[in-house]
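Below: the structure, in structure tokens.
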Amino acid sequence: MLETLRQKRPGVRTVLLVDAHLYNYKQGQMIEGSTNWMGGLDSIFLVSTDANSLRDRMIIDAKARDILPSGLGKSEQVGMLTYFLDATERKAREIAKQYGIPFYVIQNPENGMETAIQDFLRTHKRFVF
């Protein structure tokens, strides 16, 4: 991916869709990842959801996660996830502003990624053409 970004030539359109996390979450801690590579992007699309939906999905998929500290009640979990989601959006907006690139938020609703992908394609089409 980094090599592809380095080889970008002005005026030549190449679509590269990158799935990246700005933070890693462990036991309620936010660990910032490297973002210096994002200067080579043409735009940032943040796929997000609300904290209640995220919590519900985490419970349903039952994957072993170490995102939240154990022993938290539902409202504490939702509060922490809200903080994580808000911080991620703020960071993504900050990066977009830093590099002077467009920023879009796409909601990932309950019916899954299909709707989010359709929203991305609609927005991307307006952006590219």
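Just so you know, these numbers use all the heavy atoms, side chains as well, and skip hydrogens, waters and symmetry mates.
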- prompt: Is there a donor-acceptor contact under 3.5 Å from the side chain of Glu76 to the main chain of Gly73?
  reply: yes

task: Run through Leu22, Val105, Ile101 and flag the one making a side-chain contact (heavy atoms from CB on, under 4.5 Å) with Ile44.
output: Ile101

same_hphob_cluster(Trp37, Tyr99) at 4.5 Å side-chain heavy-atom cutoff: yes

Same cluster (ILVMFWY, side-chain, under 4.5 Å), Val78 and Tyr23: no

- prompt: To the nearest 0.5 Å, how far apart are CZ in Arg55 and CE in Met80?
  reply: 13.5 Å

- prompt: Can you find a pair of side-chain heavy atoms, one from Val47 and one from Gln107, that are under 4.5 Å apart?
  reply: no

query: Roughly how far apart are Leu72 CG and Leu81 CG, rounded to 0.5 Å?
result: 9.5 Å

task: Any chance you could measure Ser53, atom OG, to Met58, atom CE, to the nearest 0.5 Å?
output: 12.5 Å

query: Within a strict 4.5 Å, meaning less than it, do heavy atoms of the Ile67 and Phe84 side chains meet?
result: yes

message: Measuring from atom OG of Ser43 to atom OH of Tyr104, what distance do you get when rounded to the nearest 0.5 angstrom?
response: 6.0 Å

task: With rounding to the nearest 0.5 Å, note down the distance linking CD in Glu32 to OG1 in Thr88.
output: 10.0 Å

query: Using 4.0 Å as the upper bound for N to carboxylate O, is an ion pair formed by Glu89 and Arg93?
result: yes

- prompt: Is it true that Lys97 and Glu94 have a side-chain N and a carboxylate O under 4.0 angstrom from each other?
  reply: no

message: I want to check something: taking the side chain as every heavy atom from C-beta on, are Leu46 and Phe103 in contact at a cut-off of under 4.5 Å?
response: yes

- line: dist Tyr25:OH -> Leu68:CG (nearest 0.5 Å) comes out at 11.0 Å

